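What follows is a single structure, written as structure tokens, with notes after it.
Numbers here simply count residues along the sequence, with the first being 1. What you see is a predicted model; the values in this text were computed from it and never measured.
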Amino acid sequence: MSTTLLIVGTVRLPSENLEAARPAMRRMVEASRAEAGCLDYGYAEDVLDPGLIHVTERWVDQAALDRHFASSHIAQWRAAWPELGIGERRLVVYEVGEPRTT
């Protein structure tokens, strides 16, 4: 059975900064999805809690995730956090097996 890495969590920013954050989030998602080893990468706004962004990522292995963390686009994304007010991050990495339908 093969395993993949699943990252699930949230980031928070002031709701008034959402419009300013969307282009930066779009660049981050598009660049991450283009990386070798990225199976899925997405951000989603919470419909009940403005400013709460749900993060979901899937990577083929730790090496792919390490390359992601060393990428220029993640450095640019992190550099934008102070201006966008992103402070609260809660992300957890899980090692998961083969998917199944429910």
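The OG atom of Ser71 sits 12.5 Å away from atom CH2 of Trp77, with the distance rounded to the nearest 0.5 Å. Between the CZ atom in Arg58 and the OG1 atom in Thr4 there is a gap of 6.0 Å [rounded to 0.5 Å]. Atom-to-atom distance recorded for Leu5:CG and Gln62:CD is 5.5 Å, nearest 0.5 angstrom. One distance of note links CD1 of Ile7 with CG of Leu65; it measures 4.5 Å at 0.5 Å rounding.
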For residues 16-31, please give each side-chain donor-acceptor pair under 3.5 Å, one per line with the distance, not counting sequence neighbours.
from	atom 1	to	atom 2	distance (Å)
Asn17	ND2	Leu84	O	2.7
Glu19	OE1	Arg22	NH1	3.4
Glu19	OE2	Arg22	NH1	2.1
Arg22	NE	Glu45	OE2	3.0
Arg22	NH2	Glu45	OE1	3.0
Arg22	NH2	Glu45	OE2	2.6
Arg26	NE	Glu30	OE2	3.0
Arg26	NH2	Glu30	OE2	3.3

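Here the closest heavy-atom approach between residue Gly85 and residue Pro14 is recorded as O-CD, 3.4 Å. The minimum heavy-atom distance linking Ala36 with Ala64 is given by the pair O-CB, 4.0 Å. Taking each heavy atom of Ser32 and Trp59 in turn, the nearest pair found is O-CH2, 4.2 Å.
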* Asked: Could you walk me through whether Glu57 and Asp40 pass the side-chain contact (heavy atoms from CB on, under 4.5 Å) check?
  -> CA-CA 5 Å; Glu57 307 174 30; Asp40 186 34; over 6 Å; no
* **Intermediate values then yes/no, side-chain contact (heavy atoms from CB on, under 4.5 Å), Val92 and Leu6** => CA-CA 8 Å; Val92 178; Leu6 171 67; over 6 Å; no
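By the rule that hydrophobic residues join a cluster once side-chain heavy atoms approach within less than 4.5 Å of another member, Val60 and Tyr94 end up as members of separate clusters. At a threshold of 4.5 Å between side-chain heavy atoms, the hydrophobic network of Ile, Leu, Val, Met, Phe, Trp and Tyr places Phe69 and Leu39 in two separate groups. Hydrophobic clustering, with ILVMFWY side chains joined whenever heavy atoms are under 4.5 angstrom apart, groups Ile53 together with Ile74. In terms of hydrophobic clustering, with Ile, Leu, Val, Met, Phe, Trp and Tyr side chains grouped at heavy-atom distances under 4.5 Å, Val93 and Val11 are assigned to a common cluster.
Judged by distance alone, the side chain of Arg33 and the main-chain N or O of Tyr41 form a donor-acceptor pair under 3.5 Å.
Residue Val47 shares its hydrophobic cluster (ILVMFWY side chains chained together at separations under 4.5 Å) with Leu48. When hydrophobic residues (I, L, V, M, F, W, Y) are linked wherever their side-chain heavy atoms come within less than 4.5 Å, Leu52 remains an isolated member.
For Asp49, the side chain to side chain donor-acceptor pair (under 3.5 Å) partners are Arg12, not counting sequence neighbours. Residues that satisfy the side chain to side chain donor-acceptor pair (under 3.5 Å) test with Glu35, not counting sequence neighbours, are His68, His73.
Each salt bridge (charged side-chain N to carboxylate O under 4.0 Å, His left out) pair with one or both residues in residues 65-75, not counting sequence neighbours, would appear here, but there are none.
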